[in-house]
Enquirer: 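Just dropping this structure here.
In what follows, every chain begins at residue 1, and chains take the letters A, B, ... in the order their sequences are listed.
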Amino acid sequence: MKLDNLLWRFLRRESSKDVAKNRLKLVLIQDRMGIEPETMEILKKDLIALLSRYFEISKVGLQMDLHREDESIALVANVPITSMKIRPDAQAS
Amino acid sequence: MGKAFVVTSGKGGVGKTTVTANLGTALSVLGKTVVVIDADIGLRNLDIVMGLESRVVYTSMDVIQGNCDLKKALVKDRRSENLHLLAASQKDDKTSIQPEQMRKICMELKEEYDFVLIDSPAGIEQGFQNAAAGADAAVVVTTPDVAAVRDADRIIGLLQQRDLNDISLIINRLDQAMVKRGDMMDQEDVVDILSVRLIGVIPEDDAVVVSSNRGLPLALEPNAMAARAFKRVAQRLLGEEIPIPEFREPNWFTGLIQRLLNS
Ligand SMILES: Nc1ncnc2c1ncn2[C@@H]1O[C@H](COP(=O)(O)OP(=O)(O)OP(=O)(O)O)[C@@H](O)[C@H]1O
Ligand SMILES: [Mg+2]
């Protein structure tokens, strides 16, 4: 890569084509799986309900996304736990 | 027995008709017999882009309705003996043709011609389904922008659902200067996302518009960048191994010369 180009990219931080590429990769994961954003929301609620039986969860920092790693897709969730429930109010399932 | 390709994209206006006309012409210049079919019924374009609008007498609709036989409906290109057009009816719409009828036309044409190129309408509805019905392979056209690439991915999925797995990608309207600035995805980016075989990159080129103004597809313009790109696509379709030129940044020397020439 030429120097002026490097400098250019450096000054502009992320190039718009990189933004484009990353956004496309993310949206295509959903498109390809046929997962609508609403479905993700429902999944999120279900997961929160399930985990809440065991932990006190902070919903503020909660993140849940599908990520593509090479050929596979992973569901990556980041769930901040404020405290452990002493006895899980688990129901028989 | 020839081979039928559907030229498709999902998103409108990315260059399907341009690719069909120019690839058809380039293949015929290389000695192949070619029929291009306009499957955009009700919004026909291929005839005017190829400069054949005044010669169209019959359309695929007439063939289907039995008003004339297939041979008679084909319009010969002005410059090439090997190139014919089957025009679309302008007064009907996409629902007036059934996939089975398109398949039959393609089968018949493949018996006599080396290549059948089908110009699909935009979208994923019946027009696309009809265009794809008789195809053995697909040429997916996209431009290097987020909306077109997303739609191309959708079309690729739909083609695979129909068991059309012989899919080639053409990236159209690549603007080298924008790529260099980091403001346009390049061929690597697009292929990385779509994971299909790339058979050509067509640069953004004013000559494309000029040629459709004149109704003379580009293949005979040796100086236009896009014309050379279409020729290479045709050669690759014929099985020649031609590396896709990288629109690489000039090194300091050629860069200097370019700068001197431009100033
Ligand atoms: N490589 C190129 N450089 C410059 N202009 C181009 C290029 N390719 C296509 N164009 C122009 O873009 C416009 C749209 O192209 P075209 O009609 O081939 O798209 P299309 O995909 O067939 O559209 P539709 O979906 O409406 O059928 C035309 O005016 C054409 O001349
Ligand atoms: Mg068109």
Enquirer: Should the pair B:Asp192-A:Lys21 be classified as a salt bridge under the 4.0 Å nitrogen-to-oxygen rule?
Expert: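 A salt bridge is present here (some side-chain N lies under 4.0 Å from a carboxylate O).
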Enquirer: Going by the rule side-chain contact (heavy atoms from CB on, under 4.5 Å), which residues pair with B:Ala148 if we only count those two or more places apart in sequence or in a different chain?
Expert: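 With sequence neighbours excluded, B:Ala148 shows a side-chain contact (heavy atoms from CB on, under 4.5 Å) to B:Lys11, B:Val14, B:Thr142, B:Thr143, B:Asp145, given in chain and number order.
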Enquirer: Looking at B:Asp206, I'd like to know if its CG atom is crowded, meaning that more than 12 non-hydrogen atoms belonging to other residues, nucleotides or ligands lie closer than 6.0 Å.
Expert: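 Open.
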Enquirer: Is chain A contacted by the side chain of B:Met185, its backbone, both, or neither, given a heavy-atom distance below 4.5 Å?
Expert: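 Looking at B:Met185, backbone and side chain both touch chain A.
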Enquirer: Using the test side-chain contact (heavy atoms from CB on, under 4.5 Å), find all partners of B:Asp136 that sit at least two apart in sequence or belong to another chain.
Expert: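 For B:Asp136, the residues satisfying side-chain contact (heavy atoms from CB on, under 4.5 Å) (neighbours in sequence not counted) are B:Lys3, B:Ala4, B:Lys110.
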Enquirer: Evaluate side-chain contact (heavy atoms from CB on, under 4.5 Å) for B:Ser212 paired with B:Thr18, printing each intermediate quantity in order.
Expert: CA-CA 8 Å; B:Ser212 61; B:Thr18 303; over 6 Å; no
Enquirer: Listed by residue number, which members of residues 151-173 of chain B have a heavy atom under 4.5 Å from any heavy atom of chain A?
Expert: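 Answer by number: B:Asp153.
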Enquirer: Looking only at heavy atoms and a cut-off of under 4.5 Å, which of B:Val149, B:Asp189, B:Asp186 has the most pairs with chain A?
Expert: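 Top count of heavy-atom pairs under 4.5 Å with chain A: B:Asp189.
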Enquirer: Could you tell me the separation between the CD atom of B:Glu221 and the OG1 atom of B:Thr25, rounded to the nearest 0.5 Å?
Expert: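 The distance works out to 11.5 Å.
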Enquirer: Checking B:Lys231 now: which residues fulfil side-chain contact (heavy atoms from CB on, under 4.5 Å) with it, not counting sequence neighbours?
Expert: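 B:Lys231 satisfies side-chain contact (heavy atoms from CB on, under 4.5 Å) with B:Leu30, B:Gln235 once adjacent residues are dropped.
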